[in-house]
Amino acid sequence: MTIPHRGRLTKDGIRIHEAADFAGMHAAGRLAAEILDRIADHVTVGQSTGEIDRLIEEMVDDAGAKSATIGYKGYKHASCISVNHVVCHGIPGSKIHKWKNDKHNRTNDVLLEGDILNIDVTVIVDGWFGDTSRMYVTGKPKDFATKLIDRTHNALFKGIEMVKPGNTFGDIGHAIQSYAEKFGMSVVRDFCGHGLGRVFHSPPNVVHYGRAGSGPVLEEGMFFTIEPMINLGRPETKVLGDDWTAITQDKRLSAQFEHSIGVTATGYEIFTLSPAGTFHPTYSN
Ligand code: MF3
Ligand code: CO
Ligand code: CO
């Protein structure tokens with residue numbers, strides 16, 4: 001069944017949703033965030049990303065929801081799991097290649113001590129899309145890795161804090177870029193956030209860099225993601241032969257956090273807040 005869209009489009013093709021639509025986005029966003037809460041206990045040394053994905057698919061099914069990624073442009077999994085120098089769209093799997101068991105040239109799908117990884121889940125609930133990702137660690141990562149994670153999380157919120165009617169998408173990108181670059185880290189240009197709602201990806205492209213005051217003006221009723229990918233080294237990426245996995249060209253670490261957000265009359269609502277309050281990891285061990 002196709003549910004008709006409501007609300008007008010701006011001249012940039014950005015949908016302006018109605019007040020009643022926020023509830024649908026909250027329900028979808030809450031489920032995606034809850035799945036990311038519940039998967040945390042399964043992110044351990046020796047676990048495969050394929051098994052983590054299987055558990056995520058089970059949680060989506062058990063909730064009576066649909067995975068937005070299974071069948072999307074031929075993608076076959078309920079999550080993207082991007083380990084260490086994988087920037088985004090890492091494909092979950094269970095392969096072990098012992099002869100390539102080194103962190104910088106790995107093809108292993110099994111998590112090792114000190115790995116950092118992003119898990120990205122998008123679900124459809126009553127036709128609304130909830131899209132969120134966050135970082136996890138196994139064991140005790142290096143100091144520079146936890147710093148990258150903390151600063152990427154901060155960068156996302158620098159962007160979110162710019163969300164209110166009258167500000168522009170360039171204000172969001174500028175806030176993220178200027179924060180990340182202060183620490184010598186770089187912002188990935190090749191992938192961006194996106195409008196969403198009753199569709200997975202719609203205008204605008206929410207880029208995570210740019211000039212303050214540039215780009216379309218934010219209006220109440222816009223729904224979009226902010227999902228900065230921040231690299232320890234250079235920003236360039238390349239996509240592997242599987243046509244999905246994006247890695248840093250210099251093989252240094254990359255981190256990402258993603259929230260789905262709606263613009264309100266005075267600011268924003270985050271649809272994908274963690275019900276358990278664990279969106280940002282703590283390094284307890
Ligand atoms: N969830 C991703 C995003 O943030 C998109 C993943 S598409 C997939 O937009 F096909 F790779 F799963
Ligand atoms: Co997204
Ligand atoms: Co996502």
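- Applying the side-chain contact (heavy atoms from CB on, under 4.5 Å) criterion to Thr168, with sequence neighbours excluded, gives Asp171, Val217.
- For Asp242, the CG atom sits in a packed shell: over 12 heavy atoms of surrounding residues, nucleotides or ligands are nearer than 6.0 Å.
- Take Ser202 and apply the side chain to side chain donor-acceptor pair (under 3.5 Å) test, not counting sequence neighbours, and it matches no residue.
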Go through the steps to decide whether Leu232 and Lys147 satisfy the test side chain to side chain contact (heavy atoms under 4.5 Å, CB included), and finish with yes or no. CA-CA 10 Å; Leu232 261 188; Lys147 273 202 182 108; over 6 Å; no

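- Minimum interatomic distance between Ile39 and Leu36 (heavy atoms only, all atoms of both residues): CG2-O, 3.4 Å.
- Linking Ile, Leu, Val, Met, Phe, Trp and Tyr residues whenever their side-chain heavy atoms come within less than 4.5 Å leaves Ile261 and Phe200 in two separate clusters.
- Thr152 has its side chain out of reach of Met135: every pair of non-hydrogen atoms, C-beta onward, lies at least 4.5 Å apart.
- In the hydrophobic cluster analysis, where Ile, Leu, Val, Met, Phe, Trp and Tyr join through side-chain heavy atoms closer than 4.5 angstrom, Val87 is grouped apart from Ile116.
- Every ring-ring contact (aromatic ring centres under 6.0 Å, His included) that Phe191 has, sequence neighbours left out, goes to His89.
- We find the CH2-CZ distance between Trp128 and Arg198 to be 4.5 Å, quoted to the nearest 0.5 Å.
- For the pair Gln177 (side chain) and Gly210 (backbone), a donor-acceptor distance under 3.5 Å is present.
- Within the 4.5 Å cutoff, the side chain of Trp244 has no heavy atoms near those of the Lys76 side chain.
- Taking the six-membered ring where tryptophan is involved, the planes of His153 and Phe157 are tilted, since the angle between them lies from 30° to 60°.
- Between Leu31 and Ala65, the closest heavy-atom pair is CD2-CB, 3.4 Å.
- Annotation: the span from Leu55 atom CG to Ile35 atom CD1 amounts to 11.0 Å, rounded to 0.5 Å.
- A single hydrophobic cluster is not seen to contain both Ile124 and Val121; linkage of ILVMFWY side chains at heavy-atom distances under 4.5 Å, directly or through other members, places them apart.
- Under the rule for a side-chain contact (heavy atoms from CB on, under 4.5 Å), the partners of Asp12 that lie at least two apart in sequence or sit in another chain are Thr10, Ile14, Pro216.
- With side-chain heavy atoms closer than 4.5 Å counting as contact, directly or through intermediates, the hydrophobic cluster containing Ile247 also holds Val86, Leu240.
- Under the 3.5 Å distance criterion, with hydrogens and angles disregarded, a donor-acceptor pair is assigned to the side chains of Asn231 and Ser254.
- Residues forming a side chain to side chain donor-acceptor pair (under 3.5 Å) with Asn167 (at least two apart in sequence, or on another chain): none.
- Minimum heavy-atom separation, Ala33 to Pro275: CB-CD, 3.8 Å.
- A salt bridge (charged side-chain N to carboxylate O under 4.0 Å, His left out) check over residues 223-241, counting only residues at least two apart or in different chains, returns the pairs Arg234-Glu236.
- Between the side chain of Thr272 and the backbone N or O of Gly29, no donor-acceptor pair lies under 3.5 Å.
- Between the Thr132 side chain and the Glu258 main chain, a donor and an acceptor come within less than 3.5 Å of each other.
- Annotation: side-chain hydrogen bond (donor to acceptor under 3.5 Å, both in side chains) contacts involving residues 205-224, sequence neighbours excluded, comprise Arg8-Glu219.
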For the pair Arg54 and Glu51, evaluate salt bridge (Lys or Arg N to Asp or Glu O under 4.0 Å) and give the outcome as yes or no after the intermediate values. CA-CA 5 Å; Arg54 195 192 62 75; Glu51 173 64 8; 2.9 Å; yes

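- Residues Ile91 and Tyr75 share a closest heavy-atom pair of CA-OH, 3.9 Å.
- Contact record, His174 with Ser178: O-OG, 2.7 Å, taken as the closest heavy-atom pair.
- The list of ring-ring contact (aromatic ring centres under 6.0 Å, His included) pairs with a residue in residues 43-71, not counting sequence neighbours, is empty.
- Asp131 and Thr225 are not linked by any side-chain donor-acceptor pair at a separation below 3.5 angstrom, with hydrogens and angles left out of the test.
- Within the model, atoms SG of Cys192 and CE of Met229 stand 7.5 Å from one another, a figure rounded to the nearest 0.5 Å.
- Glu57 places no side-chain N or O within 3.5 Å of a backbone atom of Ala78 that could act as its donor or acceptor partner.
- Residues Ser48 and Ser94 share a closest heavy-atom pair of OG-OG, 3.5 Å.
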Test His85 against Thr248 for side chain to side chain donor-acceptor pair (under 3.5 Å), laying out the working first. CA-CA 6 Å; His85 68 288; Thr248 56; 5.8 Å; no

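- Phe271 is linked by a ring-ring contact (aromatic ring centres under 6.0 Å, His included) to Phe22, His26, Phe223, counting only residues two or more places apart in sequence or in another chain.
- Between the side chains of Ser79 and Asp53, at least one donor-acceptor pair of N or O atoms lies under 3.5 Å.
- Of the candidates Val187, Ile176, Ile172, Ile176 is the only one forming a side-chain contact (heavy atoms from CB on, under 4.5 Å) with Pro228.
- Looking at heavy atoms from C-beta onward, Met222 lies in side-chain contact with Phe169 at the 4.5 angstrom threshold.
- Residues Ile119 and Val43 have side chains in contact (heavy-atom distance under 4.5 Å, counting atoms from C-beta outward).
- Side-chain contact of Asp37 with Thr278: a donor-acceptor pair under 3.5 Å is present, judged by distance alone.
- Atoms CE and CD1, on Met185 and Ile230 in that order, are 9.0 Å from each other to the nearest 0.5 Å.
- Val263 and Tyr268 fall within a single hydrophobic cluster, where Ile, Leu, Val, Met, Phe, Trp and Tyr side chains are chained together by heavy-atom contacts under 4.5 Å.
- Two residues are said to be in side-chain contact when any heavy atoms from C-beta on lie closer than 4.5 Å; Leu111 and Thr49 meet this criterion.
- With sequence neighbours left out, the side chain to side chain donor-acceptor pair (under 3.5 Å) criterion links Ser82 to no other residue.
- Using cut-offs of 30° and 60° for the angle between ring planes, the Phe279 and Phe257 rings count as tilted.
- Relative ring orientation between Tyr72 and His201 is described as tilted, the plane-to-plane angle lying within the 30° to 60° band.
- By the 4.5 Å heavy-atom criterion applied to side chains, Lys66 and Val123 are not counted as neighbours.
- Dense packing is recorded around NZ of Lys182, with more than 12 heavy atoms of other residues, nucleotides or ligands lying under 6.0 Å away.
- Glu113 has its side chain within reach of Lys140: a pair of non-hydrogen atoms, C-beta onward, lies under 4.5 Å apart.
- No single ILVMFWY cluster, assembled from side-chain heavy atoms under 4.5 Å apart, contains both Leu196 and Leu273.
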Applying side chain to side chain contact (heavy atoms under 4.5 Å, CB included), run through Glu58 and Asp61 and close with a yes or a no. CA-CA 5 Å; Glu58 207 170 82; Asp61 290 346; 5.7 Å; no

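- Under the side chain to side chain donor-acceptor pair (under 3.5 Å) criterion, Arg15 pairs with no residue at all, not counting sequence neighbours.
- Side-chain contact check for Met162 versus Lys158: every heavy-atom pair is 4.5 Å or farther apart.
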